[in-house]
Number of protein chains: 2
Amino acid sequence: MIVSDDKNWVMSMSFYTEDSLKAELHERGWRLTPQREIILDIFQNLAAGKHLSAEDLYELLKSEGHDISLSTIYRTVKLMARMGILRELELAEDHKHYEINQPYHHHHHLICVRCNQTIEFKNESVLKIGDKTSKKEGYHLLDCQLTIHAVCPSCQRSILPVS
Amino acid sequence: MIVSDDKNWVMSMSFYTEDSLKAELHERGWRLTPQREIILDIFQNLAAGKHLSAEDLYELLKSEGHDISLSTIYRTVKLMARMGILRELELAEDHKHYEINQPYHHHHHLICVRCNQTIEFKNESVLKIGDKTSKKEGYHLLDCQLTIHAVCPSCQRSILPVS
DNA sequence: CCCTAATTCAGACTTATTCTCAATAAGGCT
DNA sequence: AGCCTTATTGAGAATAAGTCTGAATTAGGG
Ligand SMILES: [Mn+2]
Ligand SMILES: [Mn+2]
Ligand SMILES: [Zn+2]
Ligand SMILES: [Zn+2]
């Protein structure tokens with residue numbers, strides 16, 4: 001399900017029910033499976049600011065008694081990212097992270113390139129820039145993320161280890 | 001070599017000579033090698049808007065008669081990214097790209113999540129936001145990138161292939 | 001209830017990136 | 001100019017994130 005606001009850009013709605021997820025999948029000729037429902041449920045109930053890798057999600061599901069294969073997890077998060085339901089984050093680690101894509105919780109990341117410590121921050125103008133830019137090019141906006149690479153205070157003080 | 005401007009944030013200077021690169025390496029107890037000099041030279045003379053993967057760089061160097069190992073290339077681009085000399089771009093492909101980090105050429109990416117087509121755009125406020133945010137947290141800014149995920153006009157029209 | 005095509009699952013596979021370690025060489029010092 | 005320490009390189013092995021395959025399952029339309 002898609003919601004347009006007064007500024008005329010489109011963004012996924014904040015919360016999916018079984019029905020709205022099913023409707024959005026069916027729009028594209030896809031199906032609602034228990035696996036997809038369960039995975040979306042995890043992300044919808046994740047604490048604000050938490051994000052999961054595919055492996056994280058796999059373990060979390062297993063701990064809750066859901067035996068969903070890694071292949072399905074990889075396929076599902078990619079699918080939901082391409083639908084605009086999830087955000088795909090490229091943080092400092094060597095794997096992707098995912099979180100729900102909700103305007104209300106929209107935020108960005110400040111990453112230390114040495115120790116990988118990451119701080120989240122909000123900024124109202126970023127989404128406006130993303131909106132303006134994508135509209136100008138005729139793109140349909142799904143998500144926009146500002147990623148800042150920097151050196152944290154603690155790493156500025158420490159001696160650099162040899163690469 | 002580091003340059004501070006009137007706004008008090010720090011950013012690598014636009015152009016490196018053998019001496020300035022050497023100085024910046026020595027500050028950290030590192031060495032200037034022919035390989036590092038050659039690799040930086042490639043990036044400094046790359047057409048604006050071009051970016052290279054490690055493999056791209058390896059082939060380009062080979063075509064110019066420079067036999068630098070892939071290991072060294074991976075190590076060097078990562079090193080230079082952590083120094084703020086290069087930007088590490090996470091585009092839609094499954095490998096990283098690098099380009100020189102110069103305020104003058106500072107730009108961002110609008111990516112189609114379906115066909116991976118990428119458009120570069122400039123925006124003056126993004127760097128200001130990155131500056132303000134990193135300063136507020138006491139971080140030393142190296143680079144900031146706005147990445148917009150969206151669906152391009154052509155992909156909006158086409159039928160969706162099954163994932 | 002049937003049928004078709006989408007989806008799942010297990011496991012093989014791919015491949016970007018990192019690691020290891022012996023050989024080399026940068027650069028500080030005399 | 002030669003010496004010494006240690007950072008760096010290079011070749012190849014290793015790692016691991018993510019994708020692909022093919023048979024079995026199942027969603028959902030009729
Ligand atoms: Mn992680
Ligand atoms: Mn590429
Ligand atoms: Zn740090
Ligand atoms: Zn496209």
Side-chain angles (χ1 to χ4, degrees), chain A residues 18-19 21-40 51-59 61-62 66-83 86 88-98 113 116 159-163, chain B residues 18-19 21-40 51-59 61-62 66-83 86 88-98 113 116 159-163:
Chain A
E18 178 185 335
D19 282 346
L21 175 61
K22 181 183 259 183
E24 199 157 324
L25 286 165
H26 284 194
E27 268 178 31
R28 310 172 194 226
W30 296 340
R31 295 177 183 177
L32 178 63
T33 64
Q35 291 88 342
R36 289 175 179 173
E37 226 178 313
I38 291 166
I39 288 173
L40 179 57
H51 31 63
L52 303 175
S53 68
E55 198 74 38
D56 292 340
L57 181 52
Y58 179 68
E59 295 301 336
L61 285 165
K62 203 154 62 178
H66 296 297
D67 248 332
I68 301 182
S69 76
L70 253 185
S71 320
T72 297
I73 288 178
Y74 274 110
R75 260 184 280 116
T76 303
V77 292
K78 179 125 301 193
L79 178 80
M80 290 181 175
R82 288 191 298 179
M83 293 173 71
L86 297 181
E88 189 175 62
L89 308 178
E90 308 272 4
L91 302 181
E93 296 168 70
D94 54 358
H95 49 255
K96 290 173 177 139
H97 288 79
Y98 295 86
V113 298
N116 292 351
I159 300 298
L160 286 182
V162 173
S163 105
Chain B
E18 178 185 334
D19 283 347
L21 175 60
K22 180 183 261 183
E24 199 157 324
L25 287 165
H26 285 194
E27 268 179 29
R28 310 171 194 226
W30 296 340
R31 294 176 185 179
L32 178 63
T33 65
Q35 291 88 340
R36 289 174 179 175
E37 226 178 312
I38 291 165
I39 289 173
L40 179 57
H51 31 65
L52 302 176
S53 68
E55 198 73 37
D56 292 340
L57 182 52
Y58 179 68
E59 295 301 334
L61 285 165
K62 203 154 63 178
H66 295 296
D67 249 332
I68 301 183
S69 75
L70 253 185
S71 317
T72 297
I73 288 177
Y74 273 107
R75 263 184 270 120
T76 304
V77 292
K78 180 124 300 191
L79 178 79
M80 290 181 175
R82 288 190 300 180
M83 292 173 73
L86 298 181
E88 189 175 62
L89 308 178
E90 308 271 4
L91 302 182
E93 296 168 70
D94 54 356
H95 48 255
K96 290 171 178 142
H97 288 81
Y98 296 86
V113 297
N116 291 354
I159 301 297
L160 286 183
V162 173
S163 104

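Predicted model, so just to flag it, every value in this text is computed and none were measured. Throughout, protein chains are lettered first and strands after them, A, B, ... in sequence-line order, and every chain is numbered starting at 1.
Taking all atoms of both residues into account, the shortest heavy-atom contact from A/R31 to A/L25 is O-CD1, 3.4 Å.
A sub-4.0 Å separation between OP1 or OP2 of C/dA25 and a side-chain N or O of B/Q35 is absent. Between B/R36 and D/dT9 there is a side-chain polar atom (N or O) within less than 4.0 angstrom of OP1 or OP2.
Mapping A/Y58 and B/A54 onto DNA chain C by nearest heavy atom places A/Y58 at the nucleotide closer to the 5' end.
Between its opening and closing five pairs, the helix from C/dC1-D/dG30 to C/dT30-D/dA1 changes axis direction by 50°, a value rounded to 10 degrees.
Note: CG (A/L57) to C1' (D/dA17) measures 15 Å, nearest angstrom. As a whole-Å value, the separation of A/R28 CZ from D/dA27 C1' is 18 Å. The interatomic distance linking B/D94 (CG) with D/dC20 (C1') rounds to 14 Å, in whole Å. Computed from coordinates, the B/E93 CD to D/dG18 P distance equals 16 Å when rounded to whole Å. Distance, A/L21 CG to D/dA27 C1': 13 Å, rounded to whole Å. Rounding to whole angstrom units, CD of residue A/E37 and C1' of D/dG28 are separated by 14 Å. Rounded to whole angstrom, the span from the CG atom of A/L25 across to the P atom of D/dT26 amounts to 18 Å. Atom CD of B/E90 and atom P of D/dG18 are 11 Å apart (whole Å).
With sequence neighbours excluded, the residues that form a side chain to side chain contact (heavy atoms under 4.5 Å, CB included) with B/E88 are B/K78, B/A81, B/K96, B/Y98. A search for side chain to side chain contact (heavy atoms under 4.5 Å, CB included) contacts involving A/H26 returns A/K22, not counting sequence neighbours. Annotation: side chain to side chain donor-acceptor pair (under 3.5 Å) contacts of A/S71 (sequence neighbours excluded): none. Under the side chain to side chain contact (heavy atoms under 4.5 Å, CB included) criterion, A/E59 pairs with A/E55, A/K62, not counting sequence neighbours. For B/T33, the side chain to side chain contact (heavy atoms under 4.5 Å, CB included) partners at least two apart in sequence or on another chain are B/Q35, B/R36.
One finds the CG atom of B/L21 at 7.0 Å from the CD atom of B/E37 (value rounded to the nearest 0.5 Å). Taking CE from B/M80 and CZ from B/R75, the interatomic distance works out to 12.5 Å, rounded to the nearest 0.5 Å. If you take NE2 on B/H97 and CG on B/L86, they are separated by 13.5 Å, rounding to the nearest 0.5 Å. For the atom pair CD1 of A/I68 and CD1 of A/I39, the computed distance is 4.5 Å after rounding to the nearest 0.5 Å. From A/L57, atom CG reaches atom OG1 of A/T76 across 8.5 Å, with rounding to the nearest 0.5 Å.
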Every protein N/O lying under 3.5 Å from an N/O of nucleotides 27-30 of chain C:
unit_1	atom_1	unit_2	atom_2	d
C/dG27	OP1	B/H26	NE2	2.8
C/dG27	OP1	B/L32	N	2.9

Produce the list of close N/O pairs, under 3.5 Å, pairing protein atoms with atoms of nucleotides 18-22 of chain C; give distances to one decimal.
unit_1	atom_1	unit_2	atom_2	d
C/dT18	OP1	B/K78	NZ	3.4

